Amino acid sequence: MAATPPWQPQEQGFKEICTLLEQQISHSSSVDKSQIWNQIQQYSNLPDFNNYLAFIFSRAQGISVEVRQAAGLYLKNNLRSVYKLMQPEHQHYVKSELLPCLGAADKHIRSTTGTIVSVVVQTGGVSQWPELLQALVNCLDSNDLNHMEGAMDALSKICEDVPQILDADVPGLAERPINIFLPRLFRFFQSPHASLRKLSLGSVNQYIMLMPSALCVSMDQYLQGLFILANDPTAEVRKLVCAAFVQLIEVHPSVLEPHLRNVIEYMLQVNKDTDEEVALESCEFWSAYCDAQMPPENLREFLPRLIPILLSNMAYADDDESLIEAEEEGSQPDRDQDLKPRFHVSRFHGSDDVDDDDDDDVVNTWNLRKCSAAALDILSNVFGDEILPTLMPIVEAKLSTVGDDGWKEREAAVLALGAIGEGCINGLYPHLSEIVAFLIPLLDDKFPLIRSISCWTVSRFSKFIIQGIGHPKGYEQFDNVLMGLLRRILDDNKRVQEAACSAFATLEEEAAEELVPRLEIILKHLMVAFGKYQRRNLRIVYDAVGTLAEAVGGELNQPVYLDILMPPLIEKWQQLSNSDKDLFPLLECFTSIAHALGTGFTQFAEPVFARCINIIQTQQLAKANPAAAGAQYDKEFIVCSLDLLSGLAEGLGSGVESLVSQCSLRDLLLHCCTDDAPDVRQSAFALLGDLARVCVIHLHPRLSEILEVAVKQLEISKVQAALSVANNACWAIGELAVKVRQEISPFVLSVISCLVPILQHAEGLNKSLIENSAITLGRLAWVCPDLVSPHMEHFMQPWCNALSKIRDDVEKEDAFRGLCAMVKVNPSGALSSLVYMCKAIASWHEIRSEDLHNEVCQVLHGYKQMLRNGAWDQCMSALEPPIKEKLSKYQV
């Protein structure tokens, strides 16, 4: 039987595809690119279309490099999605055409070849392409620069995209590919060609995280190579040397320990490199060193040299984009690209704080200035006041530079004070009132970036400023800071507005009720800002208003304050459409206000409530049919609306009942509880729990469906996939249980069977879920003791452990009512866990409810009578003295 003849392109198809590619890359305005795109897409349905692209890319005589490159890029994108579906002979053809291009004369063709080769390796692996490994070795071993560079380019892309593929056994090969390539990569470290030094070092660096045994055994050779390349004339190579040392200190610090002095000396040297990218990469080393918890003493002697370098690098570079942004006046409207993406944190019911560390300089680009400030911050946390003798004279000198030319030095000194504000607080403490007094006038400096950094630095000392309020001078300083920040909130410069609002939010959190005497003036300033700001900074005003509401709580509920605050917010609320993303921060702001005002929000509640329902309905329709809804689906609208409804339920209490009774919230809520997005479910179950507390009657008609969905979230696979959803669902079940009592009985056993494994495996789960599981289990035991008590011995020990870690509150009281109810029904069920039960009882600071206190007394006395012949005393002797002492208040 004759062999299949090799594939050949048809002349007509070849010419048509070339013409289309030419038109696609042409700069002529008369060409309709979308039409050409459609025609190319039609060709792509041909089974051998990728062969044509490979042929044009590799062999087309007389075709421009640009067209060949375009064919290569189309080929790369196609292979990503269809390579595995291609006929084997077509796969083989494409691969065979690529290999000769590794050494192509044109640099662009070589580079595109490397990209395509990496895609084929990612999708098909190397075992299906043994010729590639041989071709790469042959090219690397040739002395032809094009061949060496082309192979090195392809290899570096494979190392970057799928490094693990080269550190795996390949059938037919005596050793792993990485073992074959590593000696050749090391050899290239000493190549006279900068491109080969750069690509080879970059490739080896990709293996620091994986650390294959081939690299492990050659570690000395690798480090020797790094030291040889350390002073390479090419900046990109020096940058890669720094990156290698940073990664090694992060993941394998032990290999650097013998060379640590040399590495630190080198990093100090390149931290002053004339190339900013090299300096930035080396500056990462100091934070990485501290994060790796390396011994501080190895770094201590270098601090007098390191700190001046960091301070010098903290001054704005002449080309820093912040300098351009700082010139932008507040009256200029924001462009869409100025609006940073924002992330709403779904409502979470429990004790875990969400770590919200936005304590950063406000522009996102990471640069040498910010990296140096971060390094100084972390060094101050490791070495504390030790750094002050070196640092403070430099800071003082910079602060005293005069004239317009010295403003960057002064600004860097203020940044440095803020950076050490946490770590060196003990050493700074005696001088803090002088430091703050020095910073207050800088809030009014003529340079906007000094005004903005002074806002941030002042906010870093908020805690101290608030602590001093007790004496007259301290109060005066607090008032000066407060008024200074309020002036800056009304600055004409956008950058200063942003820094001032963020700093003010930090001050609000610390000051809380201390703000009350100044509430009127604060609100007036915030509302002027509200009318003045462009879109991006408006979001920060909303945040400052929300934080203010949380800080002062019910104090806000005065007509004089509400008359200032609410009309502008309501006007903005009416201006924004239901599909405008600027609604998100306003919804969050209203959530905080509703929570703070409580029933005082009643007068504003109806339109707010109705709109939230409307938004959820529109978004649920948009998910199924965007055209009919007239909006694009965005789950964040649903999450923010659910959270605001929760805020209303919590604030208005039973007053929300009349609003719930007039709408379809129950059905919408059930729909949201089954949503595929975890954050929608998380907020939905939070609202479910809040509604259960205040108007459970409106949940009744669909109670069994609601409970069924809630119980499903507690199955162990679901818990691991979405902890926060499980947490809120668990809490909501407990809230429903205490309201519907016996009606929950059909679900009790299925809930218990989910909660017990959670309590038994508490170590790997978050604190809040454990607490809520313990409370919900107790509440079920309280309302259905006959159903729960037969299973006591399966969960008493982990349950009592969890109860003993919960702070005193009403929820803990409910759980202990459950404990007492079960023990009455099945006293022997707790006998084997009596010590744990005593520890749980002793965890109370004080049981405020008299009847519960009496019940707990009865339980303990019951066991004392039940355990005769010294058994009770034996149980008591197993308890630590502080626990025995706490139990004495129950007279046992």
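Quick caveat, the model's predicted, so the values are computed rather than measured. Below, all heavy atoms of this structure are taken into account, side chains as well, without hydrogens, waters or symmetry copies. Nothing fancy with the numbering, it's 1 onward along the sequence.
Using modelled atom types, one side-chain atom of Ser200 and one backbone atom of Arg197 make a donor-acceptor pair closer than 3.5 Å. Under the 3.5 Å distance criterion, the side-chain polar atoms of Arg488 are matched with a main-chain donor or acceptor of Leu443. The backbone N or O of Leu519 sits nowhere less than 3.5 Å from a side-chain atom of Tyr561 that would complete a donor-acceptor pair. Side-chain atoms of Asp445 do not come within 3.5 Å of backbone N or O of Ile450 as any donor-acceptor pair. For the pair Gln477 (side chain) and Ser433 (backbone), a donor-acceptor distance under 3.5 Å is present. Within the 3.5 Å criterion, the main-chain N or O of Glu510 finds no donor-acceptor partner in the side chain of Lys463. In this structure, Ser400 contributes its side chain and Glu396 its backbone to a donor-acceptor pair below 3.5 Å. A donor-acceptor distance shorter than 3.5 angstrom exists from the side chain of His252 to the backbone of Ile208, with no hydrogens or angles considered.
Using cut-offs of 30° and 60° for the angle between ring planes, the Phe464 and Tyr429 rings count as perpendicular. Between His259 and Phe227, the ring planes lie tilted relative to each other; the angle falls in the 30° to 60° range. Between Trp407 and Phe447, the angle of the ring planes stays under 30°, which puts this pair in the parallel group of the 30/60° scheme.
Between the side chains of Tyr475 and Asn480, not a single donor N or O lies within less than 3.5 Å of an accepting N or O. No side-chain donor from either of Glu409 and Thr401 sits under 3.5 Å from a side-chain acceptor of the other. For the 3.5 Å distance criterion, the side chains of Gln497 and Asp491 fail to qualify, holding no donor opposite an acceptor.
For Pro295 against Tyr289, the heavy-atom pair with the smallest separation is O-OH, 2.7 Å. Between Ala505 and Thr547, the closest heavy-atom pair is O-CG2, 3.6 Å. Across every non-hydrogen atom of Ser592 and Gly546, the tightest pair is CB-O, 3.5 Å. The heavy-atom pair separating Gly418 from Thr457 by the smallest distance is N-CG2, 3.5 Å. Minimum heavy-atom separation, Ser380 to Ala419: OG-O, 3.9 Å. Residues Asp385 and Gly423 come closest through the heavy atom pair OD1-O, 4.4 Å.
By the 4.0 Å N-to-carboxylate-O rule, Asp273 lies too far from Lys239 to be salt-bridged with it. Note on Asp275 versus Arg238: no salt bridge recorded, every NZ/NE/NH1/NH2 to OD/OE distance being 4.0 Å or above. Arg536 has a carboxylate O that lies under 4.0 Å from a charged side-chain N of Glu498, or vice versa, which qualifies the two as a salt bridge. Using a 4.0 Å cut-off between a side-chain N of Lys or Arg and a carboxylate O of Asp or Glu, Arg460 and Asp377 qualify as a salt bridge. Between Arg261 and Glu301, at least one side-chain N (NZ, or NE/NH1/NH2) sits under 4.0 Å from a carboxylate O, which counts as a salt bridge.
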Leu388 vs Leu428, test: side chain to side chain contact (heavy atoms under 4.5 Å, CB included). Steps then yes/no. CA-CA 9 Å; Leu388 290 175; Leu428 293 175; 4.1 Å; yes
Determine whether Lys805 and Glu771 satisfy the following criterion, salt bridge (Lys or Arg N to Asp or Glu O under 4.0 Å), listing intermediate values before the conclusion. CA-CA 8 Å; Lys805 291 173 186 155; Glu771 287 183 6; over 6 Å; no
What verdict does the salt bridge (Lys or Arg N to Asp or Glu O under 4.0 Å) test give for Glu265 and Arg305, after you've listed the backbone C-alpha separation in whole Å, the side-chain angles of each residue and the deciding distance to 0.1 Å? CA-CA 10 Å; Glu265 282 286 359; Arg305 289 160 62 199; 2.7 Å; yes
Would you please test Tyr222 and Asn205 for side chain to side chain donor-acceptor pair (under 3.5 Å) and show each step? CA-CA 10 Å; Tyr222 177 37; Asn205 285 2; 2.5 Å; yes
Worked verdict on Gln534 versus Leu538 for side chain to side chain contact (heavy atoms under 4.5 Å, CB included): CA-CA 6 Å; Gln534 300 301 323; Leu538 257 187; over 6 Å; no
I would like to know whether Ile521 and Met483 meet side chain to side chain contact (heavy atoms under 4.5 Å, CB included); could you show each step before the answer? CA-CA 9 Å; Ile521 199 158; Met483 295 311 295; 3.6 Å; yes
Just do the side chain to side chain contact (heavy atoms under 4.5 Å, CB included) check on Ile387 and Thr390 with the steps written out, would you? CA-CA 6 Å; Ile387 69 171; Thr390 305; 5.8 Å; no
May I have the step-by-step check of salt bridge (Lys or Arg N to Asp or Glu O under 4.0 Å) for Arg451 and Asp444, ending in yes or no? CA-CA 6 Å; Arg451 298 200 297 276; Asp444 299 304; over 6 Å; no
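Residues Tyr266 and Cys242 have side chains in contact (heavy-atom distance under 4.5 Å, counting atoms from C-beta outward). Counting heavy atoms from C-beta outward, Val545 and Phe530 have side chains that stay 4.5 Å or more apart. Contact annotation: the side chain of Glu513 never approaches that of Glu555 to less than 4.5 Å [non-hydrogen atoms, C-beta and beyond]. In this structure, the side chains of Leu248 and Pro253 stay at 4.5 Å or more apart for every pair of heavy atoms. For the pair Thr234/Lys198, no side-chain contact is recorded, criterion being any heavy-atom separation below 4.5 Å from C-beta on. Contact of the Glu281 side chain with the Leu240 side chain is not registered, since no non-hydrogen atoms from C-beta on lie closer than 4.5 Å. When side chains are defined from C-beta on, Ile465 does not count as touching Leu482, because their heavy atoms never get closer than 4.5 Å. At a threshold of 4.5 Å between non-hydrogen side-chain atoms, the residues Phe461 and Val481 do not count as touching.
Note that CG of Asn381 is 11.0 Å distant from CD1 of Ile425, once rounded to the nearest 0.5 Å. Note that CG of Asn271 is 4.0 Å distant from OG of Ser282, once rounded to the nearest 0.5 Å. The structure places CG of Leu368 at 5.5 Å from SG of Cys283, a figure rounded to the nearest 0.5 Å. One distance of note links NZ of Lys524 with CZ of Arg518; it measures 11.5 Å at 0.5 Å rounding. Taking NZ from Lys494 and CG from Asp492, the interatomic distance works out to 12.0 Å, rounded to the nearest 0.5 Å. Going from atom CD1 of Ile420 over to atom CG of Leu376 covers 6.5 Å, rounded to the nearest 0.5 Å.
Annotation for Glu297: atom CD counts as buried by contact number, over 12 foreign heavy atoms lying within 6.0 Å. Around the CD atom of Gln247, the shell of radius 6.0 Å holds more than 12 heavy atoms that belong to other residues, nucleotides or ligands. For Glu277, the CD atom sits in a loose shell: 12 or fewer heavy atoms of surrounding residues, nucleotides or ligands are nearer than 6.0 Å. The environment of Met219 atom CE is dense: over 12 non-hydrogen atoms of other residues, nucleotides or ligands sit within 6.0 angstrom. For His845, the NE2 atom counts as loosely surrounded, since its 6.0 Å shell holds 12 or fewer non-hydrogen atoms of other residues, nucleotides or ligands.
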